[in-house]
Participant: 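Below you will find the structure I want to go over with you.
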Amino acid sequence: MASNAKWYVVHTYSGYENKVKTNIEKIVENRHLEDYILEVLVPTEDVVEEKNGKEKIVTRKIFPGYVLIKMVMNDDTWYVVRNTTGITGFVGTTKPIPLQDDEVAAMGLISEEAKPEFAVGDTVKISGGAFEGQVGKIVEFDAENKTVKVALNVFGQVTNIEVDTVFIKSV
């Protein structure tokens, strides 16, 4: 069923986004709809605000008044979501319209399973940080944290250095 799941956008009362998310998650748990409503997301970003001469990091909603839901659309899931307190309706015309895959990717909010670009044994060059310009071999790959351990020759000894995959390039 999860392969049929699409991202839908619902409109909420202003300021009710987190309450709607919590309510839907409780309903999913109580009615055992985990296979049909997979994820509820209130997109946020951290921004630096200056107040009284001091900077502080504040979390803001990227799309105020909207919640994204990854779900399999059927009569039951439509009814559950549509009748959740705080939701005014699905975004779309008379029937809910799912987001296209390219729209989801363009938002950069949802991390899809990325295919690893690197594998153990690959020779790579580090493109940032203290070891920039060094060449070594990948000895360990952590896809979940998007890091690799690279064996580098440092002062005549082979040393394993953990590097974010953003800072490595294939040689």
Side-chain angles (χ1 to χ4, degrees), residues 2 5-30 33-34 36-71 77 80-82 84-92 96-118 124-134 136 138-150 152 154 159-170:
K6 298 276 186 194
W7 284 99
Y8 293 87
V9 180
V10 293
H11 189 262
T12 68
Y13 295 128
S14 182
Y16 277 69
E17 300 89 352
N18 291 328
K19 184 76 171 154
V20 164
K21 179 182 189 299
T22 304
N23 287 344
I24 291 173
E25 289 171 345
K26 284 180 186 173
I27 292 168
V28 166
E29 185 179 333
N30 292 340
L33 295 171
E34 294 89 353
Y36 298 98
I37 299 177
L38 306 176
E39 192 173 347
V40 183
L41 183 66
V42 178
T44 59
E45 64 182 347
D46 291 335
V47 292
V48 178
E49 264 187 11
E50 189 174 323
K51 195 170 188 178
N52 299 330
K54 294 183 182 178
E55 288 185 348
K56 74 178 203 178
I57 297 175
V58 178
T59 302
R60 283 200 182 139
K61 293 176 183 81
I62 297 174
F63 306 117
Y66 296 94
V67 174
L68 281 73
I69 303 174
K70 186 172 187 176
M71 61 187 273
T77 56
V80 164
V81 172
R82 181 65 186 89
T84 299
T85 304
I87 291 180
T88 60
F90 281 92
V91 172
I97 299 173
L99 292 172
Q100 300 295 318
D101 292 338
D102 58 337
E103 293 173 318
V104 174
M107 282 192 268
L109 303 170
I110 295 107
S111 61
E112 295 296 325
E113 291 300 316
K115 296 178 187 96
E117 298 175 37
F118 307 102
V124 294
K125 184 174 187 176
I126 299 175
S127 63
F131 296 97
E132 184 172 357
Q134 295 282 330
I138 295 177
V139 294
E140 192 177 309
F141 183 77
D142 184 352
E144 186 178 321
N145 294 321
K146 296 181 182 169
T147 60
V148 293
K149 284 193 181 170
V150 180
L152 297 177
V154 180
T159 306
N160 292 340
I161 307 295
E162 189 169 311
V163 182
D164 193 305
T165 56
V166 174
F167 297 116
I168 60 172
K169 296 191 186 318
S170 294

Participant: Output the distance between atom CD (E25) and atom CD (E39), rounded to the nearest 0.5 Å.
Facilitator: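 Reported to 0.5 Å precision, the distance equals 9.0 Å.
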Participant: Just checking, any donor-acceptor pair under 3.5 angstrom between side chains of T59 and D46?
Facilitator: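 Yes, side-chain donor-acceptor contact under 3.5 Å.
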Participant: Distance check, rounded to the nearest 0.5 Å: Y16 atom OH versus T84 atom OG1?
Facilitator: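 Here the interatomic distance stands at 14.0 Å.
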Participant: Got L99 and L68 here, is their nearest side-chain heavy-atom distance under 4.5 Å?
Facilitator: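 Yes; the side chains approach each other to less than 4.5 Å.
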Participant: Is there a donor-acceptor pair under 3.5 Å between the side chain of R82 and the backbone N or O of T88?
Facilitator: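 Answer holds: yes.
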Participant: Can you find a heavy atom in the side chain of L33 that is under 4.5 Å from one in the side chain of V28?
Facilitator: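 Result yes, sub-4.5 Å side-chain heavy-atom pair found.
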Participant: Show the numbers, then the answer: is there a side chain to side chain contact (heavy atoms under 4.5 Å, CB included) between L152 and F131?
Facilitator: CA-CA 9 Å; L152 297 177; F131 296 97; 3.9 Å; yes
Participant: Atom CD1 in I62, atom OG1 in T44: separation rounded to 0.5 Å?
Facilitator: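 Atom-to-atom, I62:CD1 and T44:OG1 are 6.5 Å apart.
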Participant: For residues V150 and V148, report the shortest heavy-atom separation together with the two atoms involved.
Facilitator: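 For V150 versus V148, the nearest heavy atoms are CG2-CG2, 3.8 Å.
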Participant: For a 4.5 angstrom cut-off between non-hydrogen side-chain atoms, does F63 reach V9?
Facilitator: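 Of all side-chain heavy-atom pairs linking V9 with F63, none is under 4.5 Å.
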Participant: Search all heavy atoms of L41 against all heavy atoms of V67 and return the closest pair with its distance.
Facilitator: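 Residues L41 and V67, closest heavy atoms: O-CG1, 3.5 Å.
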Participant: Compare every heavy atom of K6 with every heavy atom of P98, then report the nearest pair and how far apart it is.
Facilitator: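 Answer, listing the atom of P98 first, then K6: CB-CB, 3.6 Å.
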Participant: How far does CD of E50 sit from NZ of K56, to the nearest 0.5 angstrom?
Facilitator: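 Atom-to-atom, E50:CD and K56:NZ are 12.5 Å apart.
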Participant: Is there a side chain to side chain contact (heavy atoms under 4.5 Å, CB included) between E140 and N160? Walk through the geometry before answering.
Facilitator: CA-CA 9 Å; E140 192 177 309; N160 292 340; over 6 Å; no
Participant: State the OH-CD1 distance between Y8 and I37, to the nearest 0.5 angstrom.
Facilitator: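 If I round to the nearest 0.5 Å, the distance is 11.5 Å.
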Participant: Between I138 and I168, is any pair of side-chain heavy atoms under 4.5 Å apart?
Facilitator: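 They are in contact (side-chain heavy atoms under 4.5 Å apart), so the answer is yes.
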Participant: Check this for me: does any side-chain nitrogen of one of K21 and E17 sit under 4.0 Å from a carboxylate oxygen of the other?
Facilitator: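 No salt bridge links K21 with E17.
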Participant: Answer yes or no: is there a side-chain heavy-atom contact under 4.5 Å between T12 and K19?
Facilitator: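 A side-chain contact is absent here, since even the closest heavy-atom pair is not under 4.5 Å.
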Participant: For W7, run the side chain to side chain contact (heavy atoms under 4.5 Å, CB included) check against E103, K70, M107 and tell me which one passes.
Facilitator: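 With W7 as partner, E103, K70, M107 yield a single side chain to side chain contact (heavy atoms under 4.5 Å, CB included), made by K70.
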Participant: Knowing that exactly one of I87, T85, V81 qualifies, which makes a side chain to side chain contact (heavy atoms under 4.5 Å, CB included) with V20?
Facilitator: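 Answer to the side chain to side chain contact (heavy atoms under 4.5 Å, CB included) test with V20 among I87, T85, V81: I87.
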